[in-house]
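Take a look at the structure set out below.
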Amino acid sequence: MTRRRGGAIADLLAAPRDPGGVEPLADGACVLRGFGVPEAADLLAAIADVVARAPLRHMITPGGFTMSVAMTNCGRAGWITDRRGYRYAATDPLSAQAWPPLPAVFDRLATRAAAAAGFAAFAADACLINRYEPGTRLTLHQDRNERDFAAPIVSVSLGLPATFLFGGLRRAARPRRIRLESGDIAVWGGPSRLVFHGIDPLADGEHPLTGRCRFNLTLRKAL
Ligand code: MD3
Ligand code: FE
């Protein structure tokens, strides 16, 4: 791969897309282009099953803001936020029931993607499902509510494309912008596990699999 000049515009214009290729982002982080494309329809069917039992909802941040991203979870624990803070919970606060189990297609794909990225024997126990509609964004943050930062996180993009912000270990570091398309899988662990990251406001569009939205699955070892 040729070395490119830095800068948000350069990143967008030169966005390399080698289908089936591994695109390194930093030490411990990469994008597997199109890795999830063959599973996309099965993943969306499994999302529909989860959502039927644990509806998508707009959670409240500890500071009192309603998140624009709609979220739900499956697996042994689910990530939640409310006025009391960010945390994992074994039950869905809407139903007081356990979250739906992790669908086998999520689990198997995450383990295969992690292995392809160099992380052997990854076993997810939690999956946060994010739904973005046009204009929805996720501001720069770190994922630090998991118990053990030794395990990577695997993220699967489905539907409309998004611009992913890949920052540094300090919030002030200027993020690179990386386009994520349906079926792309990002894996980050090791020295990149606590990198600041986010998603730019989603551009409007229509995707054959999802319509006017994007789903993102983040498979985690939370417990
Ligand atoms: C982080 N989700 O749910 S995942 C989240 O697309 C979250 O919904 C975003 O951040 C989403 O907490 C982004 C994709 C991703 C990819 C590479 C990363 C997150 C990363 C590299 C380092 C740190
Ligand atoms: Fe995150």
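One is the number of the first residue; the rest follow in order along the sequence. As the structure lists them, so they are numbered: ligands from 1, and atoms in each ligand from 1.
A 6.0 Å sphere centred on CZ of Arg112 holds more than 12 heavy atoms belonging to other residues, nucleotides or ligands. A 6.0 Å sphere centred on CZ of Phe65 holds no more than 12 heavy atoms belonging to other residues, nucleotides or ligands. Counting non-hydrogen atoms of neighbouring residues, nucleotides and ligands closer than 6.0 angstrom, the CZ atom of Arg87 exceeds 12 such neighbours.
When atom types are taken as modelled, the side chain of Thr111 and the backbone of Phe122 share a donor-acceptor pair closer than 3.5 angstrom.
The Fe ion (ligand 2) is closest to atom OD1 of Asp143 (considering only N, O or S atoms).
If you put the vertex on the Fe ion (ligand 2), NE2 of His141 and NE2 of His197 sit 90° apart, to the nearest 10°.
Linking Ile, Leu, Val, Met, Phe, Trp and Tyr residues whenever their side-chain heavy atoms come within less than 4.5 Å leaves Trp188 and Leu128 in two separate clusters.
Under the 3.5 Å distance criterion, with hydrogens and angles disregarded, no donor-acceptor pair is assigned to the side chains of Ser157 and Asp184.
For the pair Arg108/Glu39, no side-chain contact is recorded, criterion being any heavy-atom separation below 4.5 Å from C-beta on.
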Show me a pair-per-line table, with atom names and distances to 0.1 Å, of protein N or O atoms that are under 3.5 Å from an N or O of ligand 1.
from, atom 1, to, atom 2, distance (Å)
ligand 1, 3 (O), Asn130, OD1, 3.0
ligand 1, 3 (O), Arg220, NH2, 3.3
ligand 1, 6 (O), Arg214, NH1, 2.9
ligand 1, 6 (O), Arg214, NH2, 3.1
ligand 1, 6 (O), Asn216, ND2, 3.4
ligand 1, 8 (O), Asn130, OD1, 3.0
ligand 1, 8 (O), Tyr132, OH, 2.5
ligand 1, 8 (O), Asn216, OD1, 3.2
ligand 1, 10 (O), His141, NE2, 3.1
ligand 1, 10 (O), His197, NE2, 2.9
ligand 1, 12 (O), His141, NE2, 3.2
ligand 1, 12 (O), Asp143, OD1, 3.2
ligand 1, 12 (O), Asp143, OD2, 3.2
ligand 1, 12 (O), Arg220, NH2, 3.1

